[in-house]
Novice: 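Submitted below is the structure of interest, expressed as structure tokens.
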Amino acid sequence: MHPHLGIEGRLGTTWHKHDERILGERHKFGLDFLGSVLARVNLLTGSVRPYALLGGTYVKAVVSGPFVSGSEEESDFSWGGGISLHLRRHGFYLEYVNYIDKTEVEIWGINLGYLGRF
């Protein structure tokens with residue numbers, strides 16, 4: 001959109017559900033869906049770009065087991081920041097994002113990634 005402003009969409013799920021024992025019985029926890037829309041504000045526009053992320057996240061979590069089963073949906077304000085390095089058509093980034101931060105649920109991530117331009 002602009003050298004200092006961009007919009008990102010992110011989708012995710014869990015491949016492996018977390019095992020937890022409740023009263024001696026095994027229960028599985030995981031995310032069916034995680035979706036975020038984030039505005040990215042690049043503080044600099046050179047080859048090294050520190051940036052801030054602001055937006056929102058919606059998540060649907062599930063649990064299955066003999067004592068507790070079901071799903072719950074949450075949404076929250078999301079924020080984070082990182083730094084990216086751009087070399088011609090390639091780029092790399094390292095960032096921290098706080099997706100959900102509620103009393104019962106906290107989801108955050110440290111992401112390392114590759115950007116390719118075409």
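Atoms considered below: every heavy atom in the structure, side chains included; atoms not considered: hydrogens, waters and symmetry mates.
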Novice: At their closest point, which heavy atom of Asn42 faces which heavy atom of Arg40, and how far apart are they?
Specialist: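 So the two residues come closest at OD1-NE, 3.0 Å.
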Novice: Tell me the closest heavy-atom pair linking Arg26 and Pro66, and the distance in Å.
Specialist: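 Reported closest heavy-atom pair: O-CD, 3.5 Å.
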Novice: Please determine whether residues Leu44 and Leu94 belong to a single hydrophobic cluster, defined as Ile, Leu, Val, Met, Phe, Trp and Tyr linked transitively by side-chain heavy-atom distances below 4.5 Å.
Specialist: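 The answer is no; the residues belong to distinct hydrophobic clusters.
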Novice: So, do Ile100 and Glu106 sit near enough that their side-chain heavy atoms are less than 4.5 Å apart?
Specialist: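 No, side chains not in contact.
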Novice: Is there a side-chain contact between Leu43 and Arg49 in this structure, where contact means two heavy atoms from C-beta onward sitting under 4.5 Å apart?
Specialist: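 In short, these two side chains do not touch, never coming nearer than 4.5 Å.
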Novice: Look at the side chain of Asp76 and the backbone N and O of Asp101, then say whether any donor-acceptor pair between them is shorter than 3.5 Å.
Specialist: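 Present.
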Novice: Before you tell me yes or no, could you show the steps for Leu115 and His86 under side-chain contact (heavy atoms from CB on, under 4.5 Å), namely the whole-Å CA-CA distance, both residues' side-chain angles and the distance that decides it to 0.1 Å?
Specialist: CA-CA 8 Å; Leu115 302 166; His86 298 268; 3.6 Å; yes
Novice: With sequence neighbours left out, write down each residue that passes side-chain contact (heavy atoms from CB on, under 4.5 Å) with Asn111, or none if nothing qualifies.
Specialist: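 side-chain contact (heavy atoms from CB on, under 4.5 Å) check on Asn111 returns Arg10, Tyr93, Glu95, Val97, Tyr99.
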Novice: Could you give the distance from NE2 (His90) to CG (Leu85), rounded to the nearest 0.5 Å?
Specialist: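 With rounding to 0.5 Å, NE2 (His90) is 12.0 Å from CG (Leu85).
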Novice: Other hydrophobic cluster members with Phe92, side-chain heavy atoms of Ile/Leu/Val/Met/Phe/Trp/Tyr under 4.5 Å, chained?
Specialist: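 Via sub-4.5 Å side-chain contacts, Phe92 links to Tyr114.
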Novice: Which heavy-atom pair separates Leu34 from Leu31 by the least distance, and what is that distance?
Specialist: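 Looking at all heavy atoms of both residues, the shortest contact is CD1-CD1, 4.2 Å.
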Novice: List the atom of Tyr96, the atom of Ile110, and the distance in Å for their closest heavy-atom pair.
Specialist: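 What the structure gives for the nearest pair is CD1-CG1, 4.1 Å.
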Novice: Between side-chain atoms of residues 53-62 and protein atoms elsewhere (two or more places apart, or another chain), which donor-acceptor pairs fall under 3.5 Å?
Specialist:
unit_1, atom_1, unit_2, atom_2, d
Thr57, OG1, Ser36, OG, 2.6
Thr57, OG1, Ser78, OG, 2.5
Tyr58, OH, Glu73, OE1, 2.9
Tyr58, OH, Glu73, OE2, 3.4

Novice: With rounding to the nearest 0.5 angstrom, report the OG to CZ distance, Ser47 to Arg88.
Specialist: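 Answer rounded to 0.5 Å: 12.0 Å.
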Novice: Begin with the C-alpha distance, continue with both residues' side-chain angles, and end with the deciding distance and a verdict on side-chain contact (heavy atoms from CB on, under 4.5 Å) for Glu74 and Glu72.
Specialist: CA-CA 7 Å; Glu74 285 285 350; Glu72 187 172 331; 3.2 Å; yes
Novice: Of the non-hydrogen atoms in Val63 and His27, which two are nearest, and what is the gap between them?
Specialist: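 Shortest heavy-atom separation between Val63 and His27 comes out as CG2-CB, 4.4 Å.
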Novice: How close do Ser69 and Ser64 get, counting heavy atoms only, and between which atoms?
Specialist: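 Minimum heavy-atom separation between Ser69 and Ser64: OG-CA, 3.7 Å.
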Novice: To the nearest 0.5 angstrom, please state how far the CG atom of Asp32 sits from the OG1 atom of Thr13.
Specialist: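 Rounded to the nearest 0.5 Å, the CG-OG1 separation comes to 6.0 Å.
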Novice: Are Leu38 and Phe77 connected into the same hydrophobic cluster when the rule is that any two of I, L, V, M, F, W, Y join if their side-chain heavy atoms are below 4.5 Å apart?
Specialist: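 Looking at the clustering, Leu38 is in a separate group from Phe77.
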